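See below for the structure under consideration.
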Protein chains: 2
Amino acid sequence: MQDHFVHVQCGDCPIRHRAVCARCDTDELAELEQIKYYRSFQAGQTIIWSGDRMDFVGSVVSGIASLTQTMEDGRRQMVGLLLPSDFVGRPGRSTAAFDVTATTDVVMCCFRKKPFETLIAETPHVAQRLLEMTLDELDAAREWMLLLGRKTAREKIASLISIIARREAALHKKKASGNLSVDLPLTREEMADYLGLTLETVSRQISALKKDGVITLEGNRHVSIPDIDRLLEEAGDDTDGGLPV
Amino acid sequence: MQDHFVHVQCGDCPIRHRAVCARCDTDELAELEQIKYYRSFQAGQTIIWSGDRMDFVGSVVSGIASLTQTMEDGRRQMVGLLLPSDFVGRPGRSTAAFDVTATTDVVMCCFRKKPFETLIAETPHVAQRLLEMTLDELDAAREWMLLLGRKTAREKIASLISIIARREAALHKKKASGNLSVDLPLTREEMADYLGLTLETVSRQISALKKDGVITLEGNRHVSIPDIDRLLEEAGDDTDGGLPV
DNA sequence: CGGTTTATTGACGATGCTCAACTTTCGTGG
DNA sequence: CCACGAAAGTTGAGCATCGTCAATAAACCG
């Protein structure tokens with residue numbers, strides 16, 4: 001794993017068309033190419049500690065990372081799930097506001113913060129794309145606030161599964177028809193931290209959805225969805241709309 | 001109210017140094033001046049309906065607006081509180097994702113979306129400032145996710161009051177020392193919608209904080225805080241850190 | 001195959017919600 | 001200026017949901 005990404009040409013990068021560099025032309029890409037470097041993290045490893053000095057920013061190339069916040073007494077809330085192409089860090093701020101942890105093995109495409117800041121000041125395409133991505137994340141965070149503040153445990157679980165399913169469908173570009181099935185990239189505890197629940201409640205509600213035929217489980221992580229509309233109904237979302245991302 | 005803002009010169013604008021135009025030089029300001037117009041809204045009036053076509057963006061000049069999301073069965077969650085200088089709308093998206101409502105009488109400085117989009121493509125200072133503001137809002141939204149997902153009702157109320165108090169202190173640039181007091185800009189129901197509680201629970205917890213001497217009430221809206229550190233402790237935040245905004 | 005991590009399930013209790021009565025505040029018109 | 005009615009807020013009783021603690025089961029990994 002470690003060495004697979006020692007140097008990938010930007011043109012061949014799997015996240016080329018979705019990441020912060022999506023809008024760059026050949027010249028801009030060449031500039032990025034010069035200052036980028038790859039870093040790998042093992043599952044469970046902390047990428048950045050909240051409050052730490054951040055001397056780099058970057059994109060998730062592969063794997064999943066999570067953004068979490070922890071209270072003094074140990075209560076924890078996940079505030080973002082970082083997927084391939086998502087951006088980590090914030091130009092203009094020197095310390096991290098949240099913990100970033102590798103949920104699976106993660107490869108990141110990093111830029112030292114200073115050169116990157118110079119670059120976004122000079123290449124509008126990077127700044128424009130970053131603004132667009134940040135606005136999308138803000139919308140997603142606000143959608144999540146509805147879930148955290150108002151949804152029941154059952155609705156929270158159904159929402160999480162349907163979001164993962166939607167993402168899966170979007171990635172493989174197949175319409176969400178017929179028998180959809182997905183792998184949960186999170187443990188029960190991580191789901192609990194994401195949904196503002198305890199892991200016991202997560203487990204119970206997954207069992208309940210299974211018992212009611214809304215989902216089927218194969219192993220602990222693999223979920224089949226016989227009827228996606230039924231799941232969306234359970235999630236309590238408007239039938240038409242839904243979460244962006 | 002209505003006519004106070006028929007035409008204010010940008011140079012004299014009360015939010016000049018905090019809004020999306022904060023970094024603009026004289027020339028850029030002149031451009032903005034040409035395409036801006038003011039709109040007033042009465043307390044309770046809806047500024048934008050979720051799903052509606054948005055043909056303008058703009059800044060809150062005075063008053064308070066709220067960003068809310070409502071489920072089919074009526075459950076409601078406030079996902080943002082818009083204060084003077086906050087930006088409304090999103091370049092690059094044609095329909096609104098949330099309801100925007102005037103909580104008090106509100107005056108907005110508006111720009112038609114198309115000209116504004118052209119402008120941010122050409123004047124980097126506006127785009128830069130907008131990115132900065134969006135990143136701040138994202139951080140604030142994520143802090144709020146911790147509150148919604150993990151804090152107790154009592155902690156939620158204490159957090160809300162301390163945030164309003166901090167903002168008050170920041171605005172008047174007086175250190176948060178001595179006997180601080182603030183006006184709550186929200187009804188109990190609006191607080192409930194913001195905090196993910198019912199209005200009854202909000203009322204009960206305010207009464208409890210009063211009984212325990214953490215706050216004092218004068219009327220329904222005016223809160224005095226004899227000991228701000230005590231309040232912050234009740235809010236469950238790290239003593240040092242705290243919410244940006 | 002054994003040990004560790006992860007997940008499930010149960011019993012019980014606490015926190016916050018629902019429904020309802022009542023009080024206070026505020027704005028309006030007599 | 002007071003009185004009235006509506007809106008906003010408070011308080012209580014009972015209950016549902018979800019959290020806590022604990023025991024057990026399943027999955028995963030050398």
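Just so it is clear, the model here is predicted, and its values are computed rather than measured. Order of the sequence lines fixes the chain letters, A, B, ..., with proteins taken first and strands second; residue numbering starts at 1 for each chain.
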NA contact type, [X], heavy-atom cut-off 4.0 Å: base, sugar-phosphate, or nothing?
X        : result
B/Arg221 : sugar-phosphate
B/Leu197 : sugar-phosphate
A/Ser203 : base

Spatial distance of atom CE (B/Met78) from atom CE (A/Met145) [nearest 0.5 Å]: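 That separation rounds to 9.5 Å.
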What is the distance, to the nearest angstrom, from the [atom1] atom on [X] to the [atom2] atom on [N]?
X        : N      : atom1 : atom2 : result
A/Glu200 : C/dT6  : CD    : C1'   : 12 Å
A/Leu195 : D/dT17 : CG    : C1'   : 16 Å
A/Lys151 : D/dT17 : NZ    : C1'   : 18 Å
B/Arg150 : C/dT15 : CZ    : C1'   : 15 Å
B/Leu209 : D/dT11 : CG    : P     : 13 Å
A/Asp193 : C/dT6  : CG    : P     : 13 Å

Salt-bridge criterion met for A/Lys156 and A/Glu234 (N-O under 4.0 Å):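 A/Glu234 and A/Lys156: not salt-bridged.
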Pair B/Asp139 + A/Arg93: basic N to acidic O under 4.0 Å: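 Looking at A/Arg93 together with B/Asp139, the answer is yes, because their closest N to O distance falls below 4.0 Å.
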Phosphate-side-chain proximity, B/Thr198 and C/dT18, N/O vs OP1/OP2 below 4.0 Å: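 It does not, given that no N or O in the side chain of B/Thr198 lies less than 4.0 Å from OP1 or OP2 of C/dT18.
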Distance below 4.0 Å between A/Thr201 side-chain N/O and D/dG19 OP1 or OP2: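 For D/dG19, OP1 or OP2 has a side-chain N or O of A/Thr201 closer than 4.0 Å.
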Qualifying residue, where the test is side-chain hydrogen bond (donor to acceptor under 3.5 Å, both in side chains) with A/Gln69 and the options are B/Arg150, B/Arg142, B/Glu143: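 Result for side-chain hydrogen bond (donor to acceptor under 3.5 Å, both in side chains) with A/Gln69: B/Glu143.
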Measuring from the side chain of [X] (C-beta onward, heavy atoms only), which nucleotide among [options] has the closest atom?
X        : options                : answer
B/Thr152 : D/dA27, D/dC18, C/dG16 : C/dG16
A/Leu217 : C/dG16, D/dC18, C/dT8  : C/dT8
A/Arg204 : D/dG19, C/dC17, C/dA20 : D/dG19
A/Ser207 : D/dC18, C/dA7, C/dT9   : C/dT9

Stepwise side-chain contact (heavy atoms from CB on, under 4.5 Å) check, B/Ile163 with B/Glu168: CA-CA 9 Å; B/Ile163 283 173; B/Glu168 199 79 1; over 6 Å; no
